[in-house]
Amino acid sequence: MTVNIDLSKSGIDLKDLLKYKEQIEIIHKDLNRRANDEKDFVGWLELPTNYDKKEFARIKAAAKRIRKDSDILVVIGIGGSYLGARAVIDALTSNFYNMLPNKVRKFPKILYAGNNLSADYINDLIEAIGDSDFSVNVISKSGTTTEPAIAFRIFREILESKYGIEEARSRIYVTTDKERGALKQLADKEGYEQFVIPDNVGGRYSVLTAVGLLPIASAGVDIDRLMAGARVAQEKYADSNLKYNDCYKYAVARNILHKSNKKNIEILVNYEPKMHYFTEWWKQLYGESEGKDLKGIFPAGVDNTTDLHSMGQYIQEGRRELFETVININKPSSSLKINVDEDNLDGINYLSGKDLNYINKKAMEGVVEAHTSGDVPNIIVNIEKINEETIGHLIYFFEKACAISGGILGVNPFNQPGVEKYKTNMFKLLEKPGY
């Protein structure tokens with residue numbers, strides 16, 4: 001479960017980092033002071049150890065029922081209400097999980113709705129479900145966010161038409177506020193099983209709550225091991241001393257590159273397709289946390305080696321505002337060797353006998369060297385392998401680093417006032433009452 005950072009390609013040394021030592025200690029102390037305040041949004045800080053054990057057991061029981069009676073689980077949510085779950089599920093299941101035959105897959109397909117306003121998407125999803133047995137997990141603090149509210153209305157009607165009102169009720173799982181909101185009222189009225197979005201955990205920090213854990217468990221992922229990995233990270237990164245805390249080193253390093261080297265864009269790089277949605281989750285976490293008050297490092301992402309054939313040119317020779325954070329997986333889950341071909345028309349016999357993982361690793365090393373020589377500093381985040389413990393650890397690593405980084409930038413990393421701006425305009429154009 002080893003997770004550590006390598007700054008040797010970043011141009012930053014320990015002396016540079018330690019200039020932030022006192023500031024980090026202040027931010028660290030403030031975070032811990034706020035952790036148990038129910039009116040604040042720092043509840044995620046102690047979540048791996050301080051979570052509702054009874055609800056956790058109910059999550060596992062509900063997931064077991066979903067796995068028993070459903071071929072498909074439709075997860076309805078947007079932003080933090082689905083990105084974390086999808087990141088974990090994609091990382092820890094087959095690249096082609098939803099395409100596998102039931103006997104091989106063993107767990108329900110996980111499909112997603114409520115994250116866009118496309119009629120084509122919804123109709124295609126309905127067609128994909130077809131006659132399959134399915135359940136719905138709708139995730140929304142208020143129940144009135146436009147995209148998930150529309151999707152839930154549609155799929156609730158389909159469930160009630162397909163199964164009747166009573167059975168439909170047993171197939172709808174609601175994750176929402178514990179006391180208030182339209183979705184809470186509806187769930188109480190209809191008797192849907194409910195799970196809680198904690199008041200002191202914001203959406204983008206909520207993957208290790210019921211928000212993420214119910215869909216993740218339904219996909220067959222061991223959520224006990226996921227939480228165990230996060231718990232190790234919580235303990236590991238509790239040290240206020242910057243010298244010994246890799247999580248804090250990452251937060252400081254990205255700010256040094258931003259402030260001193262004028263690097264305004266961070267690209268999260270992976271070399272494993274399973275990590276694509278982990279990057280999408282990371283982009284929301286950092287973009288929504290830091291992009292305010294005309295400040296922030298813009299978060300972007302690439303999937304290599306794929307994107308070397310699309311974005312590689314720009315990263316190598318475009319505007320010099322970039323730095324990269326590379327997720328390096330030391331032990332891949334499987335292997336595949338290249339065989340000899342007598343004709344060798346493709347010219348790759350020089351790779352015969354080599355494992356594809358070895359080739360992929362050499363590609364990564366070559367890219368890091370090329371980009372750093374082109375004035376694109378690289379931070380390397382090394383992880384031992386992709387499994388539940390490591391992904392849980394990595395989630396906590398980036399969450400805490402984000403909170404620390406926001407403190408260095410001088411912004412509140414737990415609000416998102418700008419998100420409401422577009423909604424006001426949209427509601428006016430749609431002639432919503434009150435707008």
Side-chain angles (χ1 to χ4, degrees), residues 1-28 31 44-45 87 204-205 229-230 232-261 263-270 275 278-279 281-290 295-302 322-330 364 368 371-372 376-384 390-411 413:
M1 198 166 51
T2 302
V3 175
N4 58 66
I5 67 165
D6 176 0
L7 297 176
S8 62
K9 302 295 182 181
S10 70
I12 299 169
D13 59 26
L14 184 60
K15 184 179 178 181
D16 297 322
L17 294 173
L18 292 180
K19 292 177 182 177
Y20 286 75
K21 187 175 184 296
E22 291 183 6
Q23 184 180 8
I24 292 302
E25 288 176 350
I26 292 169
I27 297 169
H28 171 94
L31 273 178
W44 56 269
L45 187 68
R204 57 190 177 274
Y205 291 85
V232 169
Q234 179 186 338
E235 295 168 0
K236 183 177 180 179
Y237 305 127
D239 192 340
S240 64
N241 191 330
L242 176 59
K243 184 177 180 179
Y244 304 111
N245 193 320
D246 273 7
C247 175
Y248 292 4
K249 287 179 183 177
Y250 168 65
V252 170
R254 63 195 302 274
N255 276 278
I256 290 173
L257 291 172
H258 174 53
K259 293 181 178 181
S260 301
N261 296 29
K263 303 296 185 182
N264 301 315
I265 300 168
E266 178 178 11
I267 302 175
L268 189 68
V269 185
N270 72 77
M275 296 296 285
F278 192 93
T279 299
W281 168 79
W282 174 88
K283 283 162 59 179
Q284 188 209 359
L285 177 65
Y286 280 80
E288 206 166 71
S289 295
E290 294 189 337
K295 299 177 182 179
I297 302 166
F298 184 82
V302 294
L322 314 173
F323 71 96
E324 294 175 299
T325 295
V326 181
I327 297 178
N328 173 42
I329 302 163
N330 289 319
M364 185 200 79
V368 169
H371 289 180
T372 54
V376 180
N378 272 234
I379 298 170
I380 313 296
V381 178
N382 295 303
I383 68 173
E384 184 177 3
T390 302
I391 293 297
H393 190 127
L394 205 57
I395 286 168
Y396 192 89
F397 172 92
F398 280 119
E399 286 181 345
K400 193 168 191 185
C402 185
I404 296 293
S405 183
I408 298 170
L409 280 165
V411 300

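Given the structure is predicted, the values throughout are model-derived calculations rather than measurements.
Sparse packing is recorded around NZ of Lys243, with 12 or fewer heavy atoms of other residues, nucleotides or ligands lying under 6.0 Å away.
Not a single side-chain hydrogen bond (donor to acceptor under 3.5 Å, both in side chains) links Gln23 to another residue, sequence neighbours left out. Residues passing the side-chain hydrogen bond (donor to acceptor under 3.5 Å, both in side chains) test with Asn330, sequence neighbours excluded: Asn328. For Ser240, there are no side-chain hydrogen bond (donor to acceptor under 3.5 Å, both in side chains) partners, not counting sequence neighbours. Remark: Gln284 pairs with Leu83, Arg204, Glu288 by the side-chain contact (heavy atoms from CB on, under 4.5 Å) rule, at least two apart or across chains.
Note: Lys236 NZ to Asn4 CG = 6.5 Å, rounded to the nearest 0.5 Å. A distance of 6.0 Å separates CG in Asp6 from CG in Asn382, rounded to the nearest 0.5 Å. In this structure, CD1 in Ile297 is found 4.5 Å from CZ in Phe323, a value given to the nearest 0.5 Å. Leu45 CG to Gln234 CD: the interatomic distance, rounded to the nearest 0.5 Å, is 6.5 Å. Atom CD of Glu25 and atom OH of Tyr20 lie 15.5 Å apart (nearest 0.5 Å). Note that CD1 of Ile5 is 8.0 Å distant from OG of Ser10, once rounded to the nearest 0.5 Å.
Aromatic ring pairs are classed by plane angle as parallel below 30°, tilted from 30° to 60° and perpendicular above 60°; the pair Phe398 and Trp281 is perpendicular.
Nearest heavy atom pair, residue Trp282 against residue Ala300, reads CZ3-O, 3.2 Å. Considering all non-hydrogen atoms of both residues, Ala253 and Leu7 come closest at CB-CD2, 3.9 Å. Of all heavy-atom pairs between Leu17 and Leu242, the closest is O-CD2, 3.0 Å. Pro377 approaches Lys263 most closely through the heavy-atom pair CD-CE, 3.7 Å. Across every non-hydrogen atom of Asp239 and Asn245, the tightest pair is O-ND2, 2.8 Å. The two residues Pro413 and Ser289 come nearest to each other via the heavy atoms O-OG, 3.1 Å.
A donor-acceptor contact closer than 3.5 angstrom is absent between the side chains of Glu384 and Thr390.
Using a 4.5 Å heavy-atom threshold, the side chains of Met275 and Leu394 count as touching. Contact check for Tyr250 versus Thr325: side-chain heavy atoms found under the 4.5 Å cut-off. Using a 4.5 Å heavy-atom threshold, the side chains of Asn264 and His258 count as touching. Put simply, the side chain of Ile383 does not reach to within 4.5 Å of the side chain of Phe397, judged on heavy atoms. Side-chain contact between Phe278 and Ile395: present, with at least one pair of heavy atoms (C-beta onward) separated by less than 4.5 Å.
Each of Glu324, Lys9, His371 was checked for a side chain to side chain donor-acceptor pair (under 3.5 Å) with Asn378, and the lone residue meeting it is Glu324.
Residue pairs meeting the salt bridge (charged side-chain N to carboxylate O under 4.0 Å, His left out) criterion with at least one partner in residues 244-253, sequence neighbours excluded, are Asp246-Lys249.
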Return all side-chain donor-acceptor pairs below 3.5 angstrom for residues 400-409, not counting sequence neighbours, or 'none' if the list is empty.
| from | atom 1 | to | atom 2 | distance (Å) |
| --- | --- | --- | --- | --- |
| Lys400 | NZ | Tyr237 | O | 2.5 |
| Lys400 | NZ | Tyr248 | OH | 3.1 |
| Ser405 | OG | Arg254 | NH1 | 2.7 |
| Ser405 | OG | Asn255 | ND2 | 2.8 |
| Ser405 | OG | Glu290 | OE2 | 2.6 |

